[in-house]
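In what follows, a single structure is set out as structure tokens and then discussed.
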There are 4 protein chains.
Amino acid sequence: MGPILVTRTGRPRSADADRAILAATRQALVELGWGKLTMGDVAARAGVAKTTLYRRWANKNELVVDAVAALFDELRLPDRGSLAADVEGVVLQFGELLERPETKTALMAVVAESTHDPGLRSRIRHAIVDRQKRLVETGRRRAQSRGELPDDTGDPASATRNADLIFDVIAGTVVHRILVSGEPVDPSWAHAFTALLVGGLPAAMTHA
Amino acid sequence: MGPILVTRTGRPRSADADRAILAATRQALVELGWGKLTMGDVAARAGVAKTTLYRRWANKNELVVDAVAALFDELRLPDRGSLAADVEGVVLQFGELLERPETKTALMAVVAESTHDPGLRSRIRHAIVDRQKRLVETGRRRAQSRGELPDDTGDPASATRNADLIFDVIAGTVVHRILVSGEPVDPSWAHAFTALLVGGLPAAMTHA
Amino acid sequence: MGPILVTRTGRPRSADADRAILAATRQALVELGWGKLTMGDVAARAGVAKTTLYRRWANKNELVVDAVAALFDELRLPDRGSLAADVEGVVLQFGELLERPETKTALMAVVAESTHDPGLRSRIRHAIVDRQKRLVETGRRRAQSRGELPDDTGDPASATRNADLIFDVIAGTVVHRILVSGEPVDPSWAHAFTALLVGGLPAAMTHA
Amino acid sequence: MGPILVTRTGRPRSADADRAILAATRQALVELGWGKLTMGDVAARAGVAKTTLYRRWANKNELVVDAVAALFDELRLPDRGSLAADVEGVVLQFGELLERPETKTALMAVVAESTHDPGLRSRIRHAIVDRQKRLVETGRRRAQSRGELPDDTGDPASATRNADLIFDVIAGTVVHRILVSGEPVDPSWAHAFTALLVGGLPAAMTHA
DNA sequence: GCATAAACGAGACGGTACGTCCCGTCTTAGA
DNA sequence: TCTAAGACGGGACGTACCGTCTCGTTTATGC
């Protein structure tokens, strides 16, 4: 079908402005943090009037979530030959991602704001979180094809519960390690964590 | 020997005011969230002048961290007879704690603010996080005395790394489950998660 | 030739707001006096945000001086046929003006503040005081054309000194009578004062 | 009858403190002006607690008027041999007094505050203004004994009106010259002003 | 090629909260 | 009882951003 072409009259919105605004938002977020980031400052960095921001996003939250969402799409799951190696690889990737200031600040800030804003919460979930679950799914299928994990039982709900648990364990542990404990995700820690996770998987799958 | 008695001149600060302010802060945090919480509102709730807040805390961040810290001291580790039962118990307790609005909001907000404020970060670490590591330590000793875990090797650094890993896994996973995935920590999930963790422990301990 | 048209960008300032603010300032000054007049209150009376005040005036002093300056422009010097009658007329007018609460409060307050603020002092001098010297000049020319006073000698500095002296005597005496002595400027007092002044003029002009 | 001896129990008030407070008030008034003078600052300069100020004066106004009143008692009227010389002498003295910063600031500030505070107004009138009218009285009697002015008629009210007028003219003109016009009271100006006043006196006395 | 219409920059607007300063009162301990 | 010290409730200050609202100008499209 292709994109719907709405021929509208008047001057079209500038795509340059969009890009400049999102980039400026990420930059400001790193330098100032959520609380000190101001719309006026973002506009100035982007070389754009404040009005232009408000024509595109209703408020600060929406703008920041959009500015941040793309950052989390770079995670990949190359085939490293075994389930353990795949997990260890994604743990290290995720660690590197979260140690970058813009990602670190953005994720926590946006989650914090969401704790009392259901709309923002679901926006985050769809724009950021759910998109990463594909990695767990890919890993599981690959492990099954290698014979490292049993095939799915007849219960798809059980499989989903399992995937969600693993996702929470990996994402949660790495986030906590970096943002709360303030320790780095280095290869030796990733190795130990992977051992724990992969070692526990068989037991977990019988309880899910 | 004993506490130093500093005889200070002038009218002493009111301990009632301290308590009222911290309670008002927690209440306001629940109702309004971090972003909408204002010092003036907290002062009014506490029946106190705004200046009285600023005499005690330099700004909003410091006040909120102090107000929140006490909430996390209620976690206990009663002996339930086995390592798995102990872990499951603390996971459920922590889940309940985090599902309360004041804890949920407070923790994330404070962590988010801390991502660009090293002083605040260390204040959180000392006032909130490190104090909970006692639970992991207690659990490990108890499991060793039951024979569920091997005695410490000669390497105390290894033991510390292990404890930190387990702490990050438990705290991180529960936090992620509730705050990011937005799912409840109910008994069946706690059971599955505990199985994963306890099942993986032996493997983890050989890699730490 | 003609006024320079400065095309400025952005939304222009509201002239209505200017007027409303100045009027509200005068009203508040009468009701509350200088010390109790607050910027927030003026803003509220004017139906305007406090920021709108601060966009136009740097502080309370500047605002009040501007608000007050206009009041003194209503003094006129109609031709009453003789120098004595002209002087008596302006003394009575000035007396009436100064017995109005807003003028009374405003003038003293503003002069008092100015005693330790050179900038404010010169602002007052230009905005209020110097503009009234026109009255002395008009009166002198009129008296000369009537033959009541000799024509200017060749020394313009002498004429200026004379005018300034007369201005200080009239303004100072009326102000002191009303604000310090707290007595009214009624016709009989005005008559006596005029007799003193006009009687002394020939002597003064030979010494200036 | 002498001072009333009230034998009171407890520690007596310190007379040193009184002196130190009044001196500190005058000093602060010069440096800061009325508007910026604060009770806390005065207390600190005087080496005294704020409480001690409030035990002696009810508020800022009362304190400042008392601190300032004494300054105006130094005017004298030595006999210079003629009415004109006496007037010129007191004009120059008053000019010098008003050019001192503490007097200048104090007088205007206190008058300004008084415009909306009747109590303060009468306190000023009694403590400062009326005490100076003795000078006019002395000068008049001396001129009469020299034969420069006619003896009092049978109408004492007329004499009083006359004295008040002369007082307003002298005080008002000098104050206006210094505080409003911002020009100095130098000998040549004093000479011209005296000529005006003395030249006008005969005419004024027939109208009073 | 000229009218239409939306986007654009600039910046003023009504608001809200900030953190500071000072007021005048109060509560301690000590002289 | 007075004093020094300093905490207290209160209120205004002047600042910083918010998100909205005019303006005059620019830039596409469609008649």
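Everything numeric in this text was worked out from a predicted model, so none of it was measured. In the text below, chain A, chain B and the rest are named by the order of the sequence lines, each starting its count at 1.
- Side-chain atoms of C:Asp66 do not come within 3.5 Å of backbone N or O of C:Ala69 as any donor-acceptor pair.
- Remark: side-chain polar atoms of C:Lys60 are paired, donor with acceptor, to backbone N or O of C:Leu37 under 3.5 angstrom.
- Taking atom CG on C:Leu53 and atom C1' on F:dA12, their separation rounds to 14 Å, with Å as the unit.
- Phosphate contact (OP1/OP2 of E:dA12, side-chain N/O of C:Thr51, threshold under 4.0 Å): absent.
- Rounded to the nearest 0.5 angstrom, C:Leu179 CG and D:Arg121 CZ are separated by 9.0 Å.
- Between C:Arg13 and F:dC21 there is no side-chain polar atom (N or O) within less than 4.0 angstrom of OP1 or OP2.
- Here F:dC17 presents its P atom at 18 Å from OH of C:Tyr54, a figure rounded to the nearest Å.
- Residue-to-nucleotide proximity on DNA chain F shows that, of B:Ser14 and B:Lys50, the 5′-proximal contact is made by B:Ser14.
- Between B:Thr38 atom OG1 and B:Arg45 atom CZ the span is 8.5 Å, to the nearest 0.5 Å.
- Under 4.0 Å is where a charged nitrogen must lie from a carboxylate oxygen, and between C:Asp18 and C:Arg13 no such pair does.
- Atom pair B:Ile21:CD1 and F:dG9:P shows a separation of 8 Å (rounding to whole Å applied).
- At the heavy-atom level, C:Arg55 lies under 4.0 Å from base atoms of the strands shown.
- Nucleotide E:dA31 holds its P atom 19 Å from the CG atom of D:Asp16, rounded to whole Å.
- Taking atom CG of residue B:Asn61 and atom C1' of nucleotide E:dA17, one finds them 15 Å apart after rounding to whole Å.
- Side-chain atoms of B:Arg11 and base atoms of E:dC26 include a donor and an acceptor less than 3.5 Å apart.
- The distance from atom CZ of C:Arg56 to atom P of F:dG14 is 17 Å, rounded to the nearest whole Å.
- Rounded to an integer number of Å, the gap from D:Asp18 CG to F:dT3 C1' is 13 Å.
- Contacts between residues 33-49 of chain A and DNA chain F, defined by a heavy-atom separation below 4.0 Å, involve A:Leu37, A:Thr38, A:Met39, A:Gly40, listed by number.
- Once rounded to the nearest 0.5 Å, the distance linking CG of A:Leu71 with CD1 of A:Ile128 reads 8.5 Å.
- Across the interface with DNA chain E, nearest-nucleotide mapping of C:Ala17 and D:Ala58 shows C:Ala17 to be the residue nearer the 5′ end.
- Of all heavy-atom pairs between C:Ile21 and C:Trp57, the closest is CG2-CZ3, 3.7 Å.
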